[in-house]
2 protein chains.
Amino acid sequence: MNDTALRIKQTALRLFTEYGFEGTSLSDIAQSVGIKTPSIYAHYKSKEQLFIRLVEDVITEERDKWLQIMDGEDARGRSAKERLRMLFDFFTDFTGMSAGQSFLKRTMLVPPRGLEERIRADIIAYEETLSSFLRGLLREAEAEAGVEKPADRGEQQIAVFYALIDGLLVEFQLYDAATHRKRIEAVWDWLWEGITRGG
Amino acid sequence: MNDTALRIKQTALRLFTEYGFEGTSLSDIAQSVGIKTPSIYAHYKSKEQLFIRLVEDVITEERDKWLQIMDGEDARGRSAKERLRMLFDFFTDFTGMSAGQSFLKRTMLVPPRGLEERIRADIIAYEETLSSFLRGLLREAEAEAGVEKPADRGEQQIAVFYALIDGLLVEFQLYDAATHRKRIEAVWDWLWEGITRGG
DNA sequence: TCATCTGCCTAACGAACGTTAGTTAGTTAA
DNA sequence: TTAACTAACTAACGTTCGTTAGGCAGATGA
């Protein structure tokens with residue numbers, strides 16, 4: 001992947017995230033990259049294919065990112081609580097490095113016409129990887145916190161975890177950074193208290 | 001508002017919700033209504049204005065709906081827990097009557113270009129009404145459940161409530177009805193346990 | 001050195017978009 | 001009965017869209 005192709009992809013990610021697939025034209029992308037519209041076709045054979053490639057690549061990159069975070073030296077030796085918080089932070093940091101998360105969620109909520117099923121399938125598969133990892137981490141966190149009746153709350157916790165991070169993304173659109181930051185903290189406190197509460 | 005104008009609005013609500021503003025053309029709407037495209041202009045002066053009217057009307061209708069539910073005879077005499085659950089159901093029943101909720105959330109996440117600020121302001125004002133109502137209901141629920149230290153968890157509870165219902169909407173796109181129903185139940189149980197947990 | 005390849009360009013295409021103008025049939029009101 | 005109004009229509013407008021064709025400069029490799 002050469003330099004221009006990469007810049008097209010990065011720009012497309014930003015614009016698709018902000019305005020959606022139909023709300024972003026190839027000329028928007030080209031202008032922002034600094035090339036003429038037809039030059040995009042030297043790198044991607046259609047707008048639709050650019051989008052599909054983007055979804056696939058973003059999924060791969062995001063997965064690599066949090067896998068690496070969880071496997072990095074920062075995470076080693078930390079408690080399960082701390083590692084869970086790192087993961088929570090990763091999925092609720094919509095401003096920073098993880099613009100890909102916003103893109104995926106928005107794409108899921110308003111997918112391009114005709115690509116609904118394909119995208120849904122890709123994202124479900126992605127989330128399955130995450131769920132699997134989460135299950136282990138949550139069990140670890142419960143054990144660490146000395147929860148008496150861990151029972152099989154796993155799926156409930158995962159459902160809540162997803163609902164919370166997805167919900168925070170929606171609200172991120174609505175509120176200023178300070179308000180949003182406070183809400184993230186409130187939600188995390190609540191989440192952690194719930195996990196340590198036991199069943 | 002005559003019959004055709006109403007049908008245009010209802011159809012637009014459905015199509016805008018499914019495909020977004022830019023993803024829905026006036027000819028899509030006209031065809032679905034059973035009229036020719038320019039006939040829309042007999043009722044709305046532009047596509048943008050149709051959308052704005054739709055947002056305003058949906059906000060008014062949705063607010064009226066849950067206010068009426070909370071004020072209706074079904075709610076009278078019920079416990080705060082039951083009433084909170086009724087509200088929770090209202091905001092997580094995306095299949096049924098409350099298509100307006102999906103429309104508002106999606107519009108918030110991917111607003112039409114140029115209308116971002118206007119829509120944001122409208123929805124924030126709407127949510128403020130809801131927050132105000134929720135505050136009272138949550139306090140009532142805490143008192144009813146005999147929570148010892150109600151402290152000032154109000155804002156935290158509201159943040160969690162919003163995050164959960166917004167998150168469930170995003171996930172509704174992803175999972176089948178049965179899975180989603182299970183997740184809703186799991187999330188509610190968690191929410192209620194958290195409320196009665198106390199601070 | 002010369003042929004090939006690459007990445008970008010300009011020009012232009014047909015299709016679809018939102019919108020306006022002008023017309024017509026049906027209803028309402030004087 | 002006739003005038004005015006309403007809500008739909010057909011025709012057509014200019015613009016923008018995604019896309020294709022063809023050319024040209026610079027880098028690459030034999």
Side-chain angles (χ1 to χ4, degrees), chain A residues 1-58 103 106-107 110-119, chain B residues 1-57 103 106-107 110-116 118-119:
Chain A
M1 162 139 350
N2 69 45
D3 184 58
T4 305
L6 185 63
R7 278 165 59 224
I8 291 173
K9 232 179 52 182
Q10 289 168 335
T11 304
L13 173 64
R14 181 169 52 83
L15 293 178
F16 283 150
T17 301
E18 192 156 3
Y19 304 115
F21 180 76
E22 285 91 353
T24 303
S25 68
L26 290 182
S27 64
D28 289 334
I29 297 171
Q31 190 166 21
S32 185
V33 170
I35 56 176
K36 302 295 176 180
T37 310
S39 302
I40 293 175
Y41 285 81
H43 305 277
Y44 303 93
K45 72 183 260 284
S46 72
K47 185 186 182 187
E48 204 171 80
Q49 220 222 22
L50 165 61
F51 191 84
I52 290 171
R53 276 285 302 277
L54 195 52
V55 171
E56 292 171 351
D57 291 359
V58 166
F103 170 72
R106 287 181 198 213
T107 295
V110 188
R113 296 182 87 149
L115 296 182
E116 294 92 346
E117 272 318 300
R118 167 153 200 179
I119 284 165
Chain B
M1 164 142 342
N2 70 44
D3 185 57
T4 304
L6 185 63
R7 279 166 56 226
I8 290 173
K9 230 178 54 181
Q10 289 168 334
T11 304
L13 173 64
R14 182 168 52 81
L15 294 178
F16 282 150
T17 301
E18 193 156 3
Y19 305 115
F21 180 76
E22 285 92 352
T24 303
S25 69
L26 290 182
S27 66
D28 288 335
I29 297 171
Q31 189 166 20
S32 185
V33 169
I35 58 176
K36 301 294 176 180
T37 310
S39 302
I40 293 175
Y41 286 81
H43 305 277
Y44 303 93
K45 71 183 261 284
S46 71
K47 185 187 182 186
E48 205 171 78
Q49 220 221 23
L50 165 61
F51 191 86
I52 291 172
R53 277 285 302 279
L54 194 52
V55 171
E56 291 172 352
D57 291 359
F103 171 72
R106 287 182 200 214
T107 295
V110 187
R113 296 180 86 147
L115 297 181
E116 293 92 346
R118 168 151 200 182
I119 284 166

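Below, chains carry the letters A, B, ... as their sequence lines are ordered, and counting in each starts from 1.
One atom, CG of A:L50, and another, C1' of D:dG18, lie 12 Å apart when rounded to the nearest Å. In this entry the distance linking CZ of A:F16 with P of D:dG18 reads 9 Å, nearest Å. Per the geometry, CD belonging to A:Q49 stands 15 Å off P belonging to D:dG18, to the nearest Å. Counting to the nearest Å, the C1' atom of D:dG18 and the CD atom of A:E48 are 11 Å from each other.
By the 4.0 Å N-to-carboxylate-O rule, A:E56 lies close enough to A:R118 to be salt-bridged with it. A salt bridge is absent between B:R113 and B:E48: the closest approach of a Lys/Arg side-chain nitrogen to an acidic carboxylate oxygen does not fall below 4.0 angstrom.
For an aromatic pair to be called close, the ring centres must be under 6.0 Å apart, and A:F51 with A:Y44 fails this.
Side-chain contact between A:T107 and A:F21: absent, with no pair of heavy atoms (C-beta onward) separated by less than 4.5 Å. Residues B:E116 and A:Y19 are in side-chain contact: their nearest non-hydrogen atoms beyond the backbone lie under 4.5 Å apart. Considering only heavy atoms from C-beta on, A:R106 stays 4.5 Å or farther from A:V110 through its side chain. Residues B:S25 and B:D28 have side chains in contact (heavy-atom distance under 4.5 Å, counting atoms from C-beta outward).
Map A:P38 and A:A42 each onto its nearest nucleotide of DNA chain C; the residue landing nearer the 5' end is A:A42.
In this structure, A:S46 does not reach the D:dG18 phosphate: none of its side-chain N or O atoms is under 4.0 Å from OP1 or OP2. Phosphate contact (OP1/OP2 of D:dC9, side-chain N/O of B:S39, threshold under 4.0 Å): present.
Within residues 17-37 of chain A, the residues having any heavy atom under 4.0 Å from DNA chain C are, by residue number, A:I35, A:K36.
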Fill in: Residue pair A:I35, A:H43: steps toward the side-chain contact (heavy atoms from CB on, under 4.5 Å) verdict
CA-CA 12 Å; A:I35 56 176; A:H43 305 277; 5.6 Å; no
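Protein chain B touches strand DNA chain C; the 5'-most and 3'-most nucleotides with an atom under 4.0 angstrom of its non-hydrogen atoms are C:dC17 to C:dT20.
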